[in-house]
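Report on one structure; see the data block that follows.
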Amino acid sequence: MRRSEIKNHLLDTALRLFNEYGYHATGIDLIVSESGVAKTTLYRHFETKEELIVAALERRDEVDRHEMRKFVETCANDPVERILSTFDFLEQWFKDKEFRGCGFMAAAGEHKDIADPVFRAAEMHKRLSLAYLEELAHAARFRDPRRVADEINLLQEGATAVAQITRSVEPARQAKRMATALTTTMERC
């Protein structure tokens with residue numbers, strides 16, 4: 001494998017294990033064993049476990065946001081429908097057999113210090129996700145796009161938390177119904 005392929009393989013392996021076992025419980029030895037890469041090779045790419053976690057979160061952020069954007073653009077042309085289709089994206093995610101809740105919330109929960117680079121990486125994902133919702137709300141010409149984004153985001157975060165416990169897609173559907181009601185009552189320009 002080339003250097004970039006090894007790094008990607010390590011990130012894929014780490015993400016899968018972090019999702020399955022958590023960030024603290026997943027040790028370097030497990031990542032090395034599961035990836036089939038030597039420990040020295042892992043440390044050549046990532047000097048510390050924290051650096052590996054941050055890189056994994058950044059990759060997950062990039063992939064997740066790209067997939068949602070692509071899904072939304074494919075599903076709807078109408079700007080309000082694009083906002084609502086983000087809940088359809090969540091429903092698809094909740095159906096995935098690997099779904100165990102939000103890895104970013106888990107990372108922030110395990111790395112509670114707000115100065116911790118892992119916490120900051122999780123926080124950055126949430127900020128970028130909120131910015132995308134605000135972008136959609138601007139396109140839909142809501143008078144207060146920030147408020148719409150904040151409320152849609154809260155519905156999505158709540159649906160994700162409930163789906164983690166219930167292992168059901170119903171929270172995404174219920175949140176979409178609530179978002180539909182919200183978007184019909186919000187003033188537009």
Side-chain angles (χ1 to χ4, degrees), residues 15-16 18-20 22-23 53-54 56-112 114 116 118-189:
L15 280 166
R16 178 176 54 80
F18 293 148
N19 185 52
E20 189 169 343
Y23 296 89
I53 293 171
V54 169
L57 288 173
E58 288 171 349
R59 180 178 175 143
R60 178 85 273 147
D61 165 69
E62 185 178 311
V63 168
D64 287 356
R65 288 185 307 105
H66 172 75
E67 286 179 357
M68 180 181 273
R69 185 177 292 271
K70 190 169 102 179
F71 181 92
V72 165
E73 289 172 1
T74 304
C75 286
N77 290 322
D78 176 73
V80 174
E81 286 301 315
R82 283 189 168 183
I83 292 170
L84 298 175
S85 70
T86 62
F87 293 93
D88 299 328
F89 180 81
L90 288 183
E91 183 175 338
Q92 293 299 317
W93 179 36
F94 298 168
K95 285 180 185 176
D96 188 318
K97 64 181 172 68
E98 300 299 317
F99 175 74
R100 288 179 173 76
C102 178
F104 298 96
M105 292 299 284
E110 289 188 39
H111 297 82
K112 295 170 181 32
I114 62 173
D116 187 309
V118 173
F119 184 93
R120 289 196 318 262
E123 178 186 34
M124 180 55 71
H125 167 74
K126 296 301 182 180
R127 285 183 185 193
L128 292 170
S129 297
L130 182 60
Y132 175 58
L133 293 173
E134 189 170 355
E135 175 187 321
L136 292 174
H138 271 289
R141 302 182 46 81
F142 284 104
R143 187 168 304 279
D144 190 352
R146 179 60 189 221
R147 178 177 170 206
V148 171
D150 284 340
E151 292 183 16
I152 295 295
N153 182 62
L154 187 60
L155 289 171
Q156 290 184 353
E157 293 294 337
T160 302
V162 173
Q164 178 181 356
I165 301 299
T166 63
R167 299 290 199 248
S168 166
V169 298
E170 188 52 37
R173 293 174 183 163
Q174 184 178 12
K176 183 178 182 179
R177 289 190 298 272
M178 295 168 74
T180 301
L182 170 73
T183 57
T184 58
T185 62
M186 296 297 268
E187 286 185 45
R188 294 174 71 184
C189 299

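- For the pair Glu110 (side chain) and Tyr23 (backbone), a donor-acceptor distance under 3.5 Å is present.
- In this structure, Asn19 and Arg60 have side chains that are not in contact, with every pair of non-hydrogen atoms separated by 4.5 Å or more.
- Atom CD of Glu157 and atom CG of Leu90 lie 9.0 Å apart (nearest 0.5 Å).
- Judged by distance alone, the side chain of Arg141 and the main-chain N or O of His138 form no donor-acceptor pair under 3.5 Å.
- Taking 4.5 Å as the limit, some side-chain heavy atom of Thr160 sits within range of a side-chain heavy atom of Trp93.
- Checked for salt-bridge contact, Arg127 and Glu134 miss the test: no charged N lies under 4.0 Å from a carboxylate O.
- Distance OH/Tyr132 to CE/Met68: 7.0 Å, rounded to 0.5 Å.
- His66 places no side-chain N or O within 3.5 Å of a backbone atom of Glu62 that could act as its donor or acceptor partner.
- Side-chain N or O atoms of Arg100 include one that pairs as donor or acceptor with a backbone N or O of Glu98 at under 3.5 Å.
- Residues Phe71 and Ser85 come closest through the heavy atom pair CE2-O, 3.5 Å.
- Looking at Glu91 and Lys176, no side-chain N of the basic residue comes within less than 4.0 Å of a carboxylate O on the acidic one, giving no salt bridge.
- Separation of atoms CD (Glu81) and OG1 (Thr86) is listed at 11.0 Å; rounding is to 0.5 Å.
- Side-chain N or O atoms of Asp61 include none that pairs as donor or acceptor with a backbone N or O of Met124 at under 3.5 Å.
- With respect to Asp116 and Lys112, no salt bridge is recorded, no charged nitrogen being found less than 4.0 Å from a carboxylate O.
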